[in-house]
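The structure presented is a predicted model; accordingly, all values stated were derived computationally and were not measured. Counting convention: from 1, in listed order, for ligands and their atoms alike.
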Amino acid sequence: MAFDAKKFIPQAVEDIRKAVGKERCIIAVSGGVDSMVAATLAAKAIPSQLVAVFVDNGFMRKNEAQQVKEAAGKVGIPIRIANESERFIKKLEGVSDPEEKRKIIGEQFIRVFEEIAKKEKVKVLIQGTIAPDWIESGGGGRQTIKSHHNVGGLPEDMELKLCEPLRELYKHEVRMLGKELGLPAYIFERQPFPGPGLAVRIVGEISREKLEIVKGACFIVEEELDRASAEKKMERPWQYFAAVLPSKTVGVAGDERIYKYTVIVRAVRSLDGMTANFSEIPYEVLSTISTRITNEIMGVGRVVYDITNKPPSTIEME
Ligand code: XMP
């Protein structure tokens, strides 16, 4: 049966009220469509019991913290920013295994929530978890593909009770809800962004240099593909970003040998993120992206375009 956003809203509001009773709740708003829709539903259901925070884990995109605060303010959700970048970056030092990285990030998120919860006397954590998050994390008897930070990354000794109003929904349904709830289009049409952020776009071990590279490269990919789609040169991909590989390759600048990092450009078409096809980007657009990345980002000597579908790859690198 087709998803009916109009019917879903009053039911979800009712369910949230029932699940949390009189308890105060915390919701972590990432600025993405899932957490924003969950926060809007929670703000409808229990406005006076809600504490909304944006945790800056240091792996957010350029200017993201400020943009999220403004966007949430526009839909009437007052959020506070918790700058925890140093804590996350330190915990990830020397870690290269993707699952370990995800679990560390998941756990640190919860520790931050718990600290705020203690101060604010909050007992419930509201999350914008959607169906693919728990399915890929090994829910429903399935094998774990990757531990989405908000599911498989949750510590076992978590003290907060969980409330997940979007648990059964897929991304396109969440977007329908966002529209129905009156969120601005730039929020409900926003491309997905993983909870662990740019940490899973730095393949292997994280360093501050690689973090700066991936931040700059993601910004350029988003800017160029937004422009190319607005100019109707191509269909706007479902998701588009850059990632940095762990090893360097040899290149040449003028007469000199260079030895720098490789950036992967990724852009896919998808409906729900469960399967995806790589986007057909015109060569002229790829060429601009490549030139800009190698000219504007010091540490990059090579740019490649990822032409794998999901399956067999996943959308993100880790
Ligand atoms: P993959 O990489 O598994 O991703 O093909 C499917 C979609 O989910 C996003 N993604 C995440 N979202 N927490 C999230 O909230 C996560 O840990 C996470 N990992 C991947 C990914 O960006 C894509 O849209």
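Within the 4.0 Å heavy-atom criterion, the part of W238 lying near ligand 1 is the side chain and not the backbone.
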Trace of the ring-ring contact (aromatic ring centres under 6.0 Å, His included) decision for F193 with F241:
CA-CA 9 Å; F193 185 64; F241 57 90; 8.7 Å; no
Given the rule in the side chain to side chain donor-acceptor pair (under 3.5 Å) test, do S279 and R269 qualify, once you have shown the distances and angles that lead to the verdict?
CA-CA 6 Å; S279 295; R269 282 185 285 124; 5.2 Å; no
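Ring to ring, F88 and F59 are not that close: their centroids are 6.0 angstrom or more apart.
Geometrically, ligand 1 and F193 share no nitrogen or oxygen pair separated by less than 3.5 Å. By the 3.5 Å distance cut-off applied to N or O atoms, E136 is counted among the residues near ligand 1.
Relative to the ring axis of Y259, R257 places its NZ or CZ within 45° and under 6.0 Å from the centre.
Counting atoms of ligand 1 from 1 in the listed order, those under 4.0 Å from a heavy atom of G273 are 6 (C). For ligand 1, the atoms lying closer than 4.0 Å to a non-hydrogen atom of G195 are 12 (N), 13 (N), 14 (C), 15 (O), 16 (C). Those atoms of ligand 1 that come under 4.0 Å of a heavy atom in P196, given as number and element, are 13 (N), 16 (C), 17 (O). Set against the non-hydrogen atoms of P192, the atoms of ligand 1 under 4.0 Å away are 24 (O).
Using 4.0 Å as the threshold, R102 has a heavy atom nearer than that to some atom of ligand 1.
Across the listed options R266, K310, Q191, Q239, Q239 owns the non-hydrogen atom lying nearest to atom 23 (C) of ligand 1.
The shortest side-chain heavy-atom distance between R80 and F54 does not fall under the 4.5 Å cut-off. Side-chain contact check for Q108 versus N57: every heavy-atom pair is 4.5 Å or farther apart.
Residues meeting the salt bridge (charged side-chain N to carboxylate O under 4.0 Å, His left out) test with E256, sequence neighbours left out: none.
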